[in-house]
Amino acid sequence: MKNLTLPKSFDDFVDARKAGFLHVKEYVENGGRLAGMFCAYTPLEIFDAADVTVVGLCGTSNEPIPDAEKVLPKNLCPLIKSSYGFAYTDKCPYTYFCDFIVGETTCDGKKKMYELLGEIKETYVLQLPQSQARDYAGEVWYQEVKLLKEFIEKKYDITITDEKLREAVRKRNALRRSQLELYKLQGAVPPMMKASEVMSTLAKGLFAFGPEQQKMSFDARIAEAKAAYEAGERPVPESAKRILLTGCPSSGVIQKVGQTIERNGGVIVCLDDCSGERTTSMLIDENADDILRAISDRYLKIHCSVMTPNDGRMENTKAMCEKYKVDGVIDLVLQACHTFNVESVRMEKMCADNGIPYMKLETDYSNTDSGQIETRLAAFIEML
Ligand code: BJ8
């Protein structure tokens, strides 16, 4: 086995993530099954039912991007370049240790990147329909989910039974309910946590390995935050402007954008991306006759800009603005993400129609625009 070099940026990454890196080595060396994935459309219950731990491999750091650009075009989304760069440079323990990777045909950049990623690590690509609107889309996706199940069965020479799938559904539903409770804390006025704390709680859960452990870690943090709030602690001042952050996945810019919002008198009360409340609230019928179909149906319902039409996202964001008493919407677009970039026109219109202040922020993983972002965010929050 080659020597693994950890990137410098991990030194100051959240402790939970670092703990996960150490844990993964031990887990794999003890015979644990590990797979990597990139997208909210990946049906996690299939992996759970096969006792495969699945970890998100979306790159969140600028560090491997110069190396990735030796292969990939520069004008590509930073999330794609970072993800590929980690595999290309052997710098991510999860990519390094996983048995295989599951990709999906979402945006053009990602689906073509998977072809190159497959040269480094075995990569299985789910063929996701481009729309939920066609009658046949549900059947196409069901067949894809079934093919994934068969691929995993063959890979490990196992059978994934309906009982195991049902058990996995129960555990994932329980985890989702717990995650919804965590989001609910931000509905209080003032919110019970800073957004950075919500995110580190989610990250801690994510690297806790397995839905039950994740749930335990969320439940403990929720109880702690509620008790502190009841005892009079207010981690966020009542004057903080309540922000809904929507658009592209934000993990790679959360320091540049999230911390800047909080430093300038704002607080993110709703993270409205594909792994936020709108997706988490989609549960699966635990008693469905055809449990595999119930799983595939749930995942196809997810709203993402790669789908057309994608009206559900606008409707959901509007509902979240009301629920979380939002003062302003920040629409995050990662550079060269055409789907979210074009869709921002509709998001802006939805906000204007409902009298909600809106700001679009286009950025990448570098720090070259930090000053400009600070100025723009400060001005936006000041105006709320
Ligand atoms: S369900 S948001 S994880 S596709 S990689 S689309 S930022 S250009 S990540 Fe995504 Fe699944 Fe949708 Fe969620 Fe744009 Fe970049 Fe593509 Fe991206």
Side-chain angles (χ1 to χ4, degrees), residues 1-7 10 13-61 64 79 82-104 110 113-114 116-126 145 147-160 164-165 167-169 171-172 175 202-217 249 251 275 295 299:
M1 196 177 268
K2 285 180 284 176
N3 279 331
L4 177 69
T5 359
L6 291 180
F10 290 162
F13 219 70
V14 286
D15 288 350
R17 200 165 158 89
K18 277 199 280 185
F21 290 157
L22 301 175
H23 183 36
V24 73
K25 184 171 183 282
E26 198 186 311
Y27 170 79
V28 169
E29 282 173 357
N30 287 324
R33 298 169 183 160
L34 187 75
M37 59 102 179
F38 288 93
C39 180
Y41 286 103
T42 312
L44 301 175
E45 289 79 359
I46 313 290
F47 298 83
D48 296 344
D51 296 319
V52 179
T53 294
V54 61
V55 285
L57 298 182
C58 288
T60 58
S61 158
L79 188 153
S82 178
S83 304
Y84 179 78
F86 273 123
Y88 182 68
T89 55
D90 260 345
K91 281 182 175 172
C92 171
Y94 295 126
T95 314
Y96 183 83
F97 284 115
C98 66
D99 302 328
F100 66 99
I101 292 172
V102 175
E104 64 325 293
K110 263 207 291 185
M113 180 272 280
Y114 293 140
L116 304 174
L117 187 63
E119 293 170 8
I120 300 170
K121 176 77 80 174
E122 182 178 13
T123 302
Y124 181 93
V125 178
L126 287 158
V145 171
L147 283 174
L148 172 69
K149 173 179 165 278
E150 288 164 9
F151 168 80
I152 295 176
E153 286 177 329
K154 197 164 166 213
K155 172 108 196 140
Y156 295 109
D157 193 19
I158 55 168
T159 302
I160 300 174
K164 290 283 268 179
L165 285 172
E167 188 192 333
V169 166
K171 287 181 185 167
R172 284 275 161 201
L175 174 63
L202 289 170
K204 201 170 184 176
L206 196 65
F207 303 110
F209 279 43
E212 282 174 311
Q213 276 170 280
Q214 287 181 36
K215 183 180 176 313
M216 276 161 53
S217 124
S251 306
S275 56
I295 293 170
Y299 281 88

Quick check: closest heavy atoms across [X] and [Y], and the distance to 0.1 Å?
{"X": "Y124", "Y": "L148", "value": "OH-N, 3.6 Å"}
{"X": "V125", "Y": "Y114", "value": "CG2-CB, 3.9 Å"}
{"X": "Y27", "Y": "D51", "value": "OH-O, 4.2 Å"}
{"X": "A49", "Y": "A168", "value": "N-CB, 4.1 Å"}

Just one of R172, K149, K171 clears the salt bridge (charged side-chain N to carboxylate O under 4.0 Å, His left out) bar with D48, so which one?
R172
Gap separating the [atom1] atom of [X] from the [atom2] atom of [Y], nearest 0.5 angstrom:
{"X": "K164", "Y": "I46", "atom1": "NZ", "atom2": "CD1", "answer": "13.0 Å"}
{"X": "F97", "Y": "K121", "atom1": "CZ", "atom2": "NZ", "answer": "9.0 Å"}
{"X": "D99", "Y": "T53", "atom1": "CG", "atom2": "OG1", "answer": "10.0 Å"}
{"X": "C58", "Y": "Y94", "atom1": "SG", "atom2": "OH", "answer": "13.5 Å"}
{"X": "I120", "Y": "T95", "atom1": "CD1", "atom2": "OG1", "answer": "9.5 Å"}
{"X": "E122", "Y": "F151", "atom1": "CD", "atom2": "CZ", "answer": "4.0 Å"}

Side chains of F86 and L57 in contact at under 4.5 Å (non-hydrogen atoms):
no
Mutual orientation of the aromatic rings belonging to Y156 and F100 [parallel < 30°, tilted 30-60°, perpendicular > 60°]
tilted
Classify the ring geometry between Y88 and Y84 as parallel (under 30°), tilted (30 to 60°) or perpendicular (over 60°).
parallel
Under 3.5 Å donor-acceptor, [X] side chain and [Y] backbone:
{"X": "K91", "Y": "P64", "value": "no"}
{"X": "T123", "Y": "I101", "value": "no"}
{"X": "S217", "Y": "Q213", "value": "no"}
{"X": "E153", "Y": "I160", "value": "yes"}

Counting heavy atoms not belonging to E150, are there more than 12 under 6.0 Å from its CD?
yes
Return a table of donor-acceptor pairs under 3.5 angstrom between the side chains of residues 31-43 and protein atoms on other chains or two or more places apart.
| residue | atom | partner | partner atom | Å |
| --- | --- | --- | --- | --- |
| R33 | NH1 | A50 | O | 2.7 |
| Y41 | OH | I302 | O | 2.7 |
| T42 | OG1 | C39 | O | 2.8 |

Evaluate the criterion side-chain contact (heavy atoms from CB on, under 4.5 Å) for residue pair I295 and L165; output intermediate values, then yes/no.
CA-CA 9 Å; I295 293 170; L165 285 172; 4.0 Å; yes
